[in-house]
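Reading through the structure tokens given below for one structure.
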Amino acid sequence: VLASGASENDRAGFVIRIDPVGRVAWARAFPLVDHSPNGTQNEPLVQIAKGVVDASGNVVLAGTFRATADFAGSTNSPSGGGDGFVVSLDRRGDRVWFRRFGGAETAADTFVDLDVNTARSAIVAAGAKAVSGATEGRVVTLSASDGAPQGEWGVGEAVTHACFSGASAVAAHGTSVSKLGTGGWVLSCASATGELIGTPSGDVLVFQPDRDGMGGAAMLDGTTGAEE
């Protein structure tokens, strides 16, 4: 999707909102702006990892962008090789707020997962942060209403999944699950291809596929991290 500049068949993300009876309410693309060719075709330059709906009915999206793009009227350029982003769109598809996370490193900062708390008032986004030629896991929590940062943690080398346990963020990284914040716990019971699901009671459901794709599940106490 290209707003201006040269086309190399590069890819930019889009979102479609479907109403309760299956009709398209709106569609929004995040097109590239003043794009310069680099000789590489079909690059995924704006990637949307996941979306959730907040208490106001706004659609909140997280992902990674590696070139200048238009996010529903807000043109942004990555600081280095790429930045993670979180954007909120209202019921009409118009931008409510936009936040980006990145630095000057040549490696990209990324977001690969997103969750909303039970009250749908807070967002947690998870991925990786480029640091001196390497990466470390990054987890951020934001206010759903205005995108104001509430917390940020560096966890392991990369974070693959995140959810809420009560008011606290929970992240899967490598073979561990961590609860982030004061009194957090760390457990070795998830894999990089696992999934975390926060429950209304504040517990955490962990799904871990094995090499044969079968896998199993465990329920963790949201306060202690003990397996239930």
Side-chain angles (χ1 to χ4, degrees), residues 13 15-18 20 22 44 47-55 57-64 84-86 88 101 109-129 135-144 150-228:
V15 58
I16 300 173
R17 182 161 188 161
I18 308 297
Q47 296 173 287
I48 299 172
K50 195 170 180 180
V52 297
V53 178
D54 71 11
N58 300 328
V59 175
V60 184
L61 307 168
T64 305
F85 72 86
V86 184
S88 175
F101 296 82
D109 291 60
T110 63
F111 282 137
V112 298
D113 200 19
L114 181 72
D115 191 30
V116 61
N117 66 350
T118 303
R120 299 190 176 276
S121 60
I123 302 294
V124 58
K129 175 182 180 179
T135 60
E136 67 176 25
R138 168 186 265 151
V139 179
V140 298
T141 52
L142 309 168
S143 166
Q150 296 181 335
E152 179 170 347
W153 300 268
V155 185
E157 294 183 359
V159 176
T160 54
H161 296 88
C163 70
F164 277 100
S165 169
S168 299
V170 179
H173 50 101
T175 58
S176 297
V177 178
S178 292
K179 183 175 181 181
L180 306 174
T182 58
W185 40 259
V186 177
L187 295 170
S188 295
C189 57
S191 72
T193 54
E195 183 69 73
L196 297 180
I197 302 172
T199 71
S201 66
D203 293 341
V204 180
L205 177 64
V206 181
F207 173 73
Q208 179 183 9
D210 61 20
R211 293 181 180 179
D212 297 323
M214 300 297 290
M219 185 72 77
L220 307 182
D221 181 276
T223 302
T224 66
E227 187 171 325
E228 298 180 339

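By convention here, the first residue in the shown sequence is residue 1.
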Close side-chain approach of [X] to [Y], heavy-atom, < 4.5 Å:
X    : Y    : result
M219 : E227 : no
V159 : W153 : no
V15  : R17  : no
L196 : V206 : yes
V53  : N58  : no
H161 : V177 : no

Would you give the length of the straight line joining atom [atom1] of [X] to atom [atom2] of [Y], rounded to the nearest 0.5 angstrom?
X    : Y    : atom1 : atom2 : value
D109 : F101 : CG    : CZ    : 10.5 Å
S165 : K179 : OG    : NZ    : 4.0 Å
F85  : T64  : CZ    : OG1   : 7.0 Å
R138 : H173 : CZ    : NE2   : 16.0 Å
N117 : C163 : CG    : SG    : 11.0 Å
T141 : I123 : OG1   : CD1   : 10.0 Å

Carefully, step by step, assess V124 and F164 under the rule side-chain contact (heavy atoms from CB on, under 4.5 Å). CA-CA 7 Å; V124 58; F164 277 100; 3.6 Å; yes

Please assess L114 against L61 for the test side-chain contact (heavy atoms from CB on, under 4.5 Å), listing each intermediate value before the final yes or no. CA-CA 8 Å; L114 181 72; L61 307 168; 5.6 Å; no

On a heavy-atom basis, which atom in [X] and which in [Y] lie closest, and how many Å separate them?
X    : Y    : answer
F111 : A62  : CB-CB, 4.3 Å
A171 : V139 : CB-CG2, 3.8 Å
A162 : D115 : O-CB, 3.7 Å
S168 : L180 : CB-O, 3.9 Å

Does the pair W185 and T223 meet the rule for a side-chain contact (heavy atoms from CB on, under 4.5 Å), with working shown? CA-CA 9 Å; W185 40 259; T223 302; over 6 Å; no

So, are K50 and D113 salt-bridged, with charged N and O less than 4.0 Å apart?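 Result for this pair is yes, salt bridge flagged.
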
Can a donor-acceptor pair be found, under 3.5 Å and without considering hydrogens, that links the side chain of D203 to the backbone of G222?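 Side chain of D203 to backbone of G222, a donor-acceptor pair under 3.5 Å: yes, one is there.
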
Side chain D54, main chain S121, donor-acceptor under 3.5 Å: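 No, D54 side chain to S121 backbone: no donor-acceptor pair under 3.5 Å.
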
Exactly one of V170, L220, T224 should register a side-chain contact (heavy atoms from CB on, under 4.5 Å) with L187. Which one does?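 Among the candidates, only L220 passes.
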
Indicate whether any N or O donor in one side chain lies under 3.5 Å from an N or O acceptor in the other, for S178 and S176.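 No pair is found: no donor N or O on one side chain lies under 3.5 Å from an acceptor on the other.
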
